[in-house]
There are 2 protein chains.
Amino acid sequence: MKARVRLPDRKSRVTLTEVAELAGVSEITVSRVLRSKGPIAEATRDRVMEAVRAVGYVPNKIAGSLASADSNLFGVVLPSLSNIVFPEVLQGIHAGLARTGIQPVVGVTDYNLETEEALVRSLLAWKPAAMIITGSEHTAATRKMLVESGIRIAELMDIDPVPIDIAVGLSHRQAGYDTGKHLIARGYRRFGYAGLDPRSDIRARIRFEGLVAALSDAGLSLQDKVLADVPSSTLVGSATTARLLAENPNLDVVVYPNDDMAVGGVFHCMGAGISVPENLAIFGFNGLDIGRALPKPLSTVRSNRFRIGQTAVEQILETSIRPDRPTVVNTGYEIFEGATA
Amino acid sequence: MKARVRLPDRKSRVTLTEVAELAGVSEITVSRVLRSKGPIAEATRDRVMEAVRAVGYVPNKIAGSLASADSNLFGVVLPSLSNIVFPEVLQGIHAGLARTGIQPVVGVTDYNLETEEALVRSLLAWKPAAMIITGSEHTAATRKMLVESGIRIAELMDIDPVPIDIAVGLSHRQAGYDTGKHLIARGYRRFGYAGLDPRSDIRARIRFEGLVAALSDAGLSLQDKVLADVPSSTLVGSATTARLLAENPNLDVVVYPNDDMAVGGVFHCMGAGISVPENLAIFGFNGLDIGRALPKPLSTVRSNRFRIGQTAVEQILETSIRPDRPTVVNTGYEIFEGATA
DNA sequence: TTCTGATATGACAGCGCTAACATAATTCAA
DNA sequence: TTGAATTATGTTAGCGCTGTCATATCAGAA
């Protein structure tokens, strides 16, 4: 006799076994019906489906994944959710995942690489089918885990460094450089920069370096910069602009790490009676809706966050085997002239 | 002899067994070390941890969850990610989940109850420890699944209807009503509304009803409303405002379903030379950063999205057993006077 | 009639881990 | 010294499902 020790009440009482008994078939047949796998007689399928409905069966993917060694989960690691950019990437990921049955498991690092490492470790424990992570800067341990996981890895936003497997995004150095070139071509000469702590947003720092390089190549240099050591926001954009202009009333253009900050700059000017772009030009980054909606649309660089997320998923779904050589997808950017620079 | 049929190469080759062999202990001991469960000799722990590092072991939570019947996953169902409100809720959820080891699995419904049903079904298959879902309006099947899952269920944003288990949010009817009362008290009489298709955002509709009720109680009525059948955005706010004012040049206040739209209204006025609030008052909902940063801060109602997410998690973690009677947490709202109304 | 090849279903083992219950080793009071 | 209590580790049997390899059934061909 088989003495079964019953474990204390488990959450799901209804298992394949019960459905199978009710339908008068074996468990594996129920399993096959539910996964539409293998040949099933029409009558059997109907009986099974009826039983499923009758007992309110909800399959247990945990057990399923363990048995079949694939998980239908994607790990997603984002630095932040308060910066609208990343929810937009997440939207793209969702769009790419639609009708695949794959669910994203989301983690947030707060721009901290140690947190990222812990997060990656714990996400990998779910044996995700793939991992989508922001940026290419990781701790050695993170990188090792990602490499050795064997699953597909997409590193988003930046395509300058060589990725582990897939990179989707744009060249931030180039974007920064082009910003500088564009503004110089439009006649601006006295550049200011109102930004954030360069340690938090690496890509903003790289764009900044590109900008400085463009100025330098044109024989110019940045007149001044003000950096705030707080999260990005429109309010901070106003405040840093105020500080920058207080010290440098003669600037003719201010560049920002993103549109939130730049819109804050515009608002400051409105309040201070500085006419944009006649007295001061303003230039952002991202191409957010809010900038476009301003009475004078914000001049900026359009990154394509949604497309980055979506493309990453598409690339991953292309093949489940990691190719020998990394894949780099440039989703590009466009300078949007707007009316503020 | 035990004839083992080896399955085709699985993703993770390193299992507890290998770690155990290398450390010269049994599997369960390794398991206990990794989960810090039960008494373990210092020396054993060290040997095990060394072995774990040596082979680069990543635990398999799928197997662990199956064995222990708990998952350390929370299902999170949001209607949208393009509306900044929901990423903020998600942030709150993340904050509440920090250092619990619980990961959220996120699904997006696009405000569609059928999609929601499919999503809930597929999230429940991961046997999450709890489910966080937006709103209280679900299909009958969704509700049934949630009720019968036995896990804790938090329904966010709205506390007017009776929840399945936990509701966290605010009374949108009351918020709408208070908006009306507040504006009437400030002397406004000729009300317009520039909103969206009421089918998509149920809570906006309820606020609208509250507003209308307040007007009615004061012997007033809404002069006109314009509804756009597209997703909310600042640009749409400008456009609907333009349409509304074209037909009703005599309005003295326009109320919006959210701040994005309201900011669009402000921008329209700036462009059209309408001075706010002297010629036209503008009133939003949410209390977003962007509204606060305007040269004239937007008058609005502050909902507390972050706190809603965080509180929901706290409530769920309170106890894993669903109490007999539903819990309702009112995270409240505050009317923010601003400078536009 | 026998055989072939589809079509339909089932038996069985095992995915990698943990709960529950041993068992072994150690400590310490009586 | 002995037994009880305490600490440390091991054995066993699953968790609920799916892969693999039978087995059974039934056309239609030879």
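Everything numeric here is computed off the predicted structure, so don't read it as measured data. In what follows, chains carry the letters A, B, and so on, assigned in the order in which the sequence lines appear, proteins first and then strands, with residues in each chain numbered from 1.
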ask   = Taking CG from A:Leu16 and P from D:dG19, how many angstroms apart are they, rounded to a whole number?
value = 12 Å
request  = Taking B:Arg305 for its side chain and B:Val89 for its backbone only, find out whether a donor-acceptor pair lies under 3.5 Å.
outcome  = no
key: B:Ser26 side-chain N/O to D:dT9 phosphate OP1/OP2 under 4.0 Å   = no
ask   = When the distance from CZ of A:Arg35 to C1' of D:dT20 is rounded to whole Å, what number comes out?
value = 12 Å
ask   = Is there a donor in the side chain of B:Thr327 and an acceptor in the side chain of B:Gln315, or the other way round, less than 3.5 Å apart?
value = no
inquiry  = Using OP1 and OP2 only, check whether a side-chain N or O of B:Ser31 sits under 4.0 Å from C:dT18.
reply    = yes
message = Nearest 0.5 Å, please: how far is CD in B:Glu88 from CD1 in B:Ile308?
response = 10.0 Å
key: A:Trp126 side, atom CH2; A:Ile62 side, atom CD1 - distance, nearest 0.5 Å   = 4.5 Å
key: Between C1' of D:dC15 and NZ of A:Lys61, the distance in whole Å   = 19 Å
request  = Let me know, please, whether B:Gly64 or B:Arg32 comes out on the 5' side of the other along DNA chain C by nearest nucleotide.
outcome  = B:Gly64
note = The correct set of residues in residues 37-47 of chain B placing a heavy atom under 4.0 Å from DNA chain D is B:Pro39, B:Ile40, B:Ala41, B:Thr44
remark   = Rounded to whole Å, CG of B:Asp70 lies from P of C:dA19 at a distance of 8 Å
key: Short side-chain N/O contact from B:Thr29 to OP1 or OP2 of D:dT9, under 4.0 Å   = no
task = Indicate whether OP1 or OP2 belonging to D:dT18 is found under 4.0 Å from a side-chain N or O atom of A:Ser68.
result = no
ask   = Could you give the NZ-to-P distance, from B:Lys127 to D:dG16, as a whole number of Å?
value = 9 Å
ask   = Is there a side-chain polar atom (N or O) of A:Tyr57 under 4.0 Å from OP1 or OP2 of D:dC17?
value = yes
remark   = Rounded to whole Å, the CD1-P distance (B:Ile28 to D:dG10) equals 10 Å
query = How long is the line joining CD of B:Glu27 and P of D:dA13, in whole Å?
reply = 15 Å
ask   = Under 4.0 Å between a Lys/Arg side-chain N and an Asp/Glu carboxylate O for B:Arg203 and B:Asp158?
value = no
ask   = Once you round it to whole Å, what is the distance between P of C:dG14 and CG of B:Leu66?
value = 17 Å
CG on B:Asp165 to CD1 on B:Ile316, rounded to 0.5 Å = 8.0 Å
ask   = Nearest 0.5 Å, what's the OG1-CE distance between B:Thr139 and B:Met145?
value = 6.0 Å
